Amino acid sequence: PAYGASKAGMNAMSQSMAKALAPHNIYVFAIAPGWVDTDMARPLLEGPGRNDILAQSPMNRVATPEEIGRTIMFLASDGTDALTGCIIDVNCASYLRT
């Protein structure tokens, strides 16, 4: 519960900050990764639950750190101002916002 609540809090905070800071030309984005192939996740991704984790995604894989990095680079590039306040899910379609 604490993990889920903290993620929801970060999303709400980023959207509130985006609204408050937009008049000052400060843009705020949130990146919400799902499973990412990192050192922290690797024991789980290589363990007995691997297939269950992969099955959460129709792509049957998890994101890579490079994919998260490319998302950050995109958001830091020119022309993304109108995206302020958005939450970008980088999760191989394992979770879709409605």
Side-chain angles (χ1 to χ4, degrees):
Y3 178 76
S6 67
K7 286 179 77 167
M10 289 297 296
N11 289 347
M13 183 178 73
S14 70
Q15 290 177 327
S16 295
M17 288 177 60
K19 194 167 189 168
L21 296 172
H24 305 286
N25 295 322
I26 298 171
Y27 308 112
V28 181
F29 314 101
I31 297 175
W35 285 98
V36 180
D37 187 8
T38 62
D39 290 341
M40 184 177 82
R42 197 155 297 123
L44 296 169
L45 294 173
E46 293 176 353
R50 173 182 173 74
N51 290 338
D52 292 335
I53 292 169
L54 296 179
Q56 294 175 21
S57 165
M59 298 174 75
N60 200 41
R61 70 178 188 87
V62 301
T64 66
E66 292 80 14
E67 289 170 317
I68 305 299
R70 285 194 296 272
T71 303
I72 294 167
M73 292 298 295
F74 167 71
L75 291 171
S77 66
D78 290 335
T80 59
D81 305 356
L83 294 175
T84 193
C86 73
I87 301 168
I88 303 287
D89 296 302
V90 184
N91 60 25
C92 301
S94 64
Y95 172 80
L96 302 173
R97 292 181 191 277
T98 56

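Position 1 is the first residue of the sequence, and the numbers go up from there. Since this is a predicted model, take the numbers as computed values, not measurements.
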With R61 via salt bridge (Lys or Arg N to Asp or Glu O under 4.0 Å) - residues at least two apart: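 Counting only residues at least two positions away or on another chain, R61 forms a salt bridge (Lys or Arg N to Asp or Glu O under 4.0 Å) with E67.
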
Partners of [X] by side-chain hydrogen bond (donor to acceptor under 3.5 Å, both in side chains), sequence neighbours excluded?
X	value
D89	R97
D78	none
R50	none
D37	R42

Might you point out which heavy atoms bring L96 and A93 nearest each other, and give the distance in Å?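 Closest approach of L96 to A93: CD2-CA, 4.1 Å.
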
If you compare all heavy atoms of S57 against all heavy atoms of C92, which two are closest, and at what distance to 0.1 Å?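 Between these two residues, the closest heavy atoms are OG-O, 2.6 Å.
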
N/O donor-acceptor pairs under 3.5 Å from side chains in residues 16-31, not counting sequence neighbours:
unit_1: S16; atom_1: OG; unit_2: A12; atom_2: O; d: 3.1
unit_1: N25; atom_1: OD1; unit_2: Y27; atom_2: OH; d: 3.2

Could you note down all residue pairs passing salt bridge (charged side-chain N to carboxylate O under 4.0 Å, His left out) where residues 1-15 supplies at least one of them, sequence neighbours left out?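 For residues 1-15, and leaving out neighbouring residues, there are no salt bridge (charged side-chain N to carboxylate O under 4.0 Å, His left out) pairs at all.
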
Kindly give the cluster partners of V62, where membership spreads through any ILVMFWY side chain lying under 4.5 Å from a current member.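 Same cluster as V62: W35, L44, L45, I53, L54.
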
Working to the nearest 0.5 angstrom, can you tell me the gap between [X] [atom1] and [Y] [atom2]?
X	Y	atom1	atom2	value
Q15	I87	CD	CD1	4.0 Å
I88	I72	CD1	CD1	11.5 Å
E66	T64	CD	OG1	4.5 Å

Closer than 3.5 angstrom, by distance alone: can the side chain of T84 be matched with the main-chain N or O of D81 as a donor-acceptor pair?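 No, because the side chain of T84 does not come within donor-acceptor range (under 3.5 Å) of the backbone of D81.
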
Check side-chain contact (heavy atoms from CB on, under 4.5 Å) between S77 and all other residues, then give those that pass, not counting sequence neighbours.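 For S77, the residues satisfying side-chain contact (heavy atoms from CB on, under 4.5 Å) (neighbours in sequence not counted) are F74, T80.
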
